[in-house]
Amino acid sequence: AEMRPGLIAAIAGTPAVSDYFDLSFQHASPRVLRSMRRFGGTEDFLELIEAIRSIAPEAGIRSNVIVGFPGETDDDVDELAVFLEAARLDAVGVFAYSDEDGTEAEKLPDKVELHEIDGRRARIADLVEELMAQRAAERIGERVRVLIESIDDEGPVGRAGHQGPDDGSCTIVGDRSTTADLSVGDWVEGEVVESEGVDLWVRV
């Protein structure tokens, strides 16, 4: 709700700030979101994503979603799937609803059966795993700036600006002469040449 055009422009236009947006959508069905006392829905969220990418086309966008909220129907889950396919997010956490002591949702009617929640979570988790891999593959050919965080057997490993701590990594590849002297804390610029799941390989 606070991601106004001015804030998007400030993030995208400030060199010391990564173009990384963690937007906790939670769901895409307006009906379910109202039950959660949240705003928005598929149309609003896609407009926000488009606004971000119109200013920062290579920005990373992450979100979390919950399935199995009381009253959720198969149609609501279908709408969530349609939204995720359209949104092309870089990373998505998928969580199953469970009652929490003292929350308003704990007292709501129309609870979803546990086996149904598990099935819905598995469906959406499988979908986002495929979509995240596709999004990473779309980055092949992009130039990225990587902060080196470790050195492993394959070489220096770090993250680009669009990657949060749990959103994949960048392994640096290239001639030994260009990678041997790299250390933790160094910045490296290169081109994405390969992807596997959400992980990228970057040639210096």
Review point. So, do Glu142 and Leu200 sit near enough that their side-chain heavy atoms are less than 4.5 Å apart?
Key: no
Check your understanding: Would you say Thr171's side chain and Val157's backbone share a donor-acceptor pair under 3.5 angstrom?
Key -> no
**Study point:** Residues Met132, Leu89; criterion side-chain contact (heavy atoms from CB on, under 4.5 Å); working and verdict
**Key:** CA-CA 7 Å; Met132 289 188 300; Leu89 302 174; over 6 Å; no
Check your understanding: Shared ILVMFWY cluster between Val204 and Ile151, side chains joined below 4.5 angstrom?
Key -> yes
Practice item. Output yes when a side-chain donor or acceptor of Asp175 lies under 3.5 Å from a complementary backbone atom of Thr178, and no otherwise. Key: no
**Study point:** Main-chain N/O of Ile148 paired with Asp186 side-chain donor or acceptor, under 3.5 Å
**Key:** no
Practice item. Under the salt bridge (Lys or Arg N to Asp or Glu O under 4.0 Å) rule, what do Arg62 and Asp166 come out as? Steps first, then yes or no, please. Key: CA-CA 10 Å; Arg62 187 187 201 286; Asp166 300 314; 5.4 Å; no
Review point. Looking only at heavy atoms, which two atoms of Leu182 and Pro156 are closest? And how far apart?
Key: CD1-CG, 3.8 Å
Review point. Are any of the side-chain heavy atoms of Glu149 and Ser169 separated by less than 4.5 Å?
Key: no
Review point. Are the side chain of Gln163 and the backbone of Ala160 linked by a donor-acceptor contact shorter than 3.5 Å?
Key: yes
Review point. Taking C-beta and beyond as the side chain, do Phe21 and Asp90 meet within less than 4.5 Å on heavy atoms?
Key: no
Exercise for review: Nearest 0.5 Å please: distance from the CZ atom of Arg159 over to the CG atom of Asp199.
Suggested key: 12.0 Å
Review point. Can a donor-acceptor pair be found between the side chains of Asp167 and Tyr20 at a distance below 3.5 Å?
Key: yes
Exercise for review: Please report the closest heavy-atom contact between Glu2 and Leu7, naming both atoms and the distance.
Suggested key: O-CD2, 3.5 Å
Point to revise | Salt bridge Arg31-Asp75, side-chain N to carboxylate O under 4.0 Å | key: no
Review point. Take atom CG in Asp152; do more than 12 heavy atoms of anything else shown fall under 6.0 Å from it?
Key: yes
Check your understanding: Are any side-chain N or O atoms of Thr14 and backbone N or O atoms of Ala10, one a donor and one an acceptor, separated by less than 3.5 Å?
Key -> yes
Check your understanding: Say you draw a straight line from OG of Ser24 to CG of Asn64; how long is it, rounded to the nearest 0.5 Å?
Key -> 5.0 Å
**Study point:** Val144 with Val188, same ILVMFWY side-chain cluster at under 4.5 Å
**Key:** yes
Review point. Quick one: CD1 on Ile124 to CG on Leu84, what's the gap to the nearest 0.5 Å?
Key: 6.0 Å
Practice item. Treat each ILVMFWY residue as a node, draw an edge where side-chain heavy atoms are under 4.5 Å apart, and state whether Val67 and Tyr97 are in one component. Key: yes
Check your understanding: What are the two closest non-hydrogen atoms of Leu33 and Phe39, and how far apart are they?
Key -> CD1-O, 3.8 Å
**Study point:** Flag, side chain of Glu106 to backbone of Gly102, donor-acceptor distance under 3.5 Å
**Key:** yes
Practice item. Examine Leu131 and Leu46 and state if one hydrophobic cluster contains both, with Ile, Leu, Val, Met, Phe, Trp and Tyr joined whenever side-chain heavy atoms are less than 4.5 Å apart. Key: yes
Check your understanding: Side-chain donor-acceptor pair under 3.5 Å between Glu72 and His27, yes or no?
Key -> yes
Review point. Is there a side-chain contact between Trp187 and Arg145 (heavy atoms, below 4.5 Å)?
Key: yes
**Study point:** Spatial distance of atom CD (Glu113) from atom CG (Asp118) [nearest 0.5 Å]
**Key:** 11.0 Å
Review point. Is a donor on one side and an acceptor on the other found under 3.5 Å between the side chain of Arg139 and the backbone of Glu58?
Key: yes
Exercise for review: Measure the CD1-CZ distance between Ile49 and Arg88 for me, rounded to the nearest 0.5 Å.
Suggested key: 11.5 Å
Check your understanding: What distance do Leu108 atom CG and Glu104 atom CD have between them, rounded to the nearest 0.5 Å?
Key -> 6.0 Å
Exercise for review: Answer with yes or no whether the side chains of Thr73 and Asp76 bring together a donor and an acceptor at under 3.5 Å.
Suggested key: yes
Study note, to complete from the structure: Correct closest heavy-atom pair for Glu191 and Gly141 would be OE2-CA, 3.6 Å
Revision key, fill the gap. All heavy atoms of Ala105 vs all of Pro70, minimum pair found to be O-CG, 3.9 Å
Exercise for review: Under the side-chain contact (heavy atoms from CB on, under 4.5 Å) rule, what do Ile61 and Arg53 come out as? Steps first, then yes or no, please.
Suggested key: CA-CA 9 Å; Ile61 303 177; Arg53 290 181 174 152; 3.8 Å; yes
**Study point:** Backbone N/O of Gly40 and side chain of Arg34: donor-acceptor pair under 3.5 Å
**Key:** yes
Review point. Do you see a donor-acceptor pair shorter than 3.5 Å between the side chains of Gln134 and Glu138?
Key: no
**Study point:** Main-chain N/O of Leu23 paired to Ser63 side chain as donor or acceptor, under 3.5 Å
**Key:** yes
Check your understanding: In this structure, are over 12 heavy atoms from other groups packed under 6.0 Å from Glu47 atom CD?
Key -> yes
Check your understanding: Do Arg38 and Gln26 have side chains that get closer than 4.5 Å, going by heavy atoms?
Key -> yes
Check your understanding: Do Arg120 and Asp74 have side chains that get closer than 4.5 Å, going by heavy atoms?
Key -> yes
Review point. Under 4.5 Å between any side-chain heavy atoms of Val202 and Glu194, yes or no?
Key: no
Practice item. Specify the closest pair of heavy atoms between Phe83 and Ala28, including all atoms of both residues, with the distance to one decimal. Key: CB-CB, 3.5 Å
Check your understanding: Phe69 versus Ser35: any side-chain heavy-atom pair under 4.5 Å?
Key -> yes
Practice item. Give a yes or no on whether Phe95 and Leu114 share a hydrophobic cluster (residues Ile, Leu, Val, Met, Phe, Trp, Tyr; joining criterion: side-chain heavy atoms under 4.5 Å apart). Key: no
